[in-house]
Amino acid sequence: MAEQPARKAPKAREAGVVRTERLTPHMVRVVLGGDGLDGFAADEFTDHYIKLLFGAPGVTYPEPFDMARIREEFPREQWPTTRTYTVRAWDAAQRELTVDFVVHGDEGLAGPWAARARVGDTVRFLGPGGGYAPDPAAAWHLLVGDESALPAIAASLERLPEDAVGHALIEVESPDDEQKVAVPPGVEVRWLHRGGRAVGEALLAAVEGLDFPPGDVHAFVHGEAGFVKDLRRHLRLERQVPRERLSISGYWRLGKTDEDWRAIKRDWNEQVEREQEDPPAAA
Ligand SMILES: Cc1cc2nc3c(=O)[nH]c(=O)nc-3n(C[C@H](O)[C@H](O)[C@H](O)COP(=O)(O)OP(=O)(O)OC[C@H]3O[C@@H](n4cnc5c(N)ncnc54)[C@H](O)[C@@H]3O)c2cc1C
């Protein structure tokens, strides 16, 4: 019998923090660099993401760091914990990878890590993955998200052709959390302020009230899973946006760590599909 090829292990890279910048009260930018980024590429999509690896407390992994070996030799609870972050920018010439982190308090791994990050700190990551870039042939673009999707929305807006038409609706906590994003003249960017309301409430109302321009839309909708589900229902069932023109997913779930969210994400998505793609006929 032919020998089975060994399962290809994801290659982890190590990068160093070259500078940080507090963009707004709730967003910190971390720029990574170093030899570990040799050969990295993230140009195809505007929602490219990497998976940061945070080692289990008290565990020392063998060098050279090898995820396949760790998965073989260490019990699952000692594997590094992953956190997914968008590639806000990749500058191949300078070999610099920019990641914007929501600062959401003291809970969690990645947000607090970024808030504390100092020049010279190192971090390992897997990736990139990705799947969306605005289709230049679309009649118009719709981009909707909370702060966690802002890096991907901003990267997407920067990629739009000069004659693009569209609406970007971005929810942040307060006016101080708005960022400057360069957009073509036909694209409206609307900042919505949560101001104590539930996450996504303002976004849902704004999309429901939006006058959709005519023609084929290409949509990107991401953020907290609860409002993303409500928006998906609206876009699929009321606005009849075709599935293949909709990049939509819950990036995080209120009250759940990322590993708790990932543990239920598949069931959640299946339930959303059942409810929204095959809704029971009205009595
Ligand atoms: C493809 C993809 C791309 C992403 N890109 C980015 C990105 O560029 N920037 C970014 O900041 N996030 C991004 N996210 C979301 C990020 O992965 C999650 O927010 C993650 O849970 C943060 O990890 P943590 O260790 O800080 O908090 P966790 O340990 O996961 O959670 C701790 C607590 O904080 C809450 N929490 C987590 N995220 C937020 C938030 N954004 N706002 C308020 N409360 C929160 C949780 O519900 C939980 O109660 C992306 C997610 C995906 C799937």
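As the structure lists them, so they are numbered: ligands from 1, and atoms in each ligand from 1. Here the structure is a predicted model, which means the values were calculated and not measured.
Ligand 1 is surrounded by Y49, R83, T84, Y85, T86, D100, F101, V102, H104, E107, G108, L109, A110, G111, S148, P151, Y251, W252, R253, L254, G255, K256, T257, D258, each with at least one heavy atom closer than 4.0 Å.
For residues 47-57, the side-chain hydrogen bond (donor to acceptor under 3.5 Å, both in side chains) pairs, not counting sequence neighbours, are K51-T84.
No salt bridge links D38 with R13; every basic N to acidic carboxylate O contact stays at or beyond 4.0 Å.
Both tests pass for R239 against the ring of F212: distance under 6.0 Å to the centre and angle within 45° of the axis.
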Check residues 179-191 and write down every donor-acceptor pair under 3.5 Å in which the side-chain atom is one partner and the other belongs to a residue at least two apart or another chain.
| residue | atom | partner | partner atom | Å |
| --- | --- | --- | --- | --- |
| E188 | OE1 | H167 | ND1 | 2.7 |

Check residues 97-117 and write down every donor-acceptor pair under 3.5 Å in which the side-chain atom is one partner and the other belongs to a residue at least two apart or another chain.
| residue | atom | partner | partner atom | Å |
| --- | --- | --- | --- | --- |
| D100 | OD1 | R29 | NE | 2.7 |
| D100 | OD2 | R29 | NH2 | 2.9 |

(request) Test E275 against R236 for salt bridge (Lys or Arg N to Asp or Glu O under 4.0 Å), laying out the working first. (result) CA-CA 11 Å; E275 288 172 15; R236 286 286 295 129; over 6 Å; no
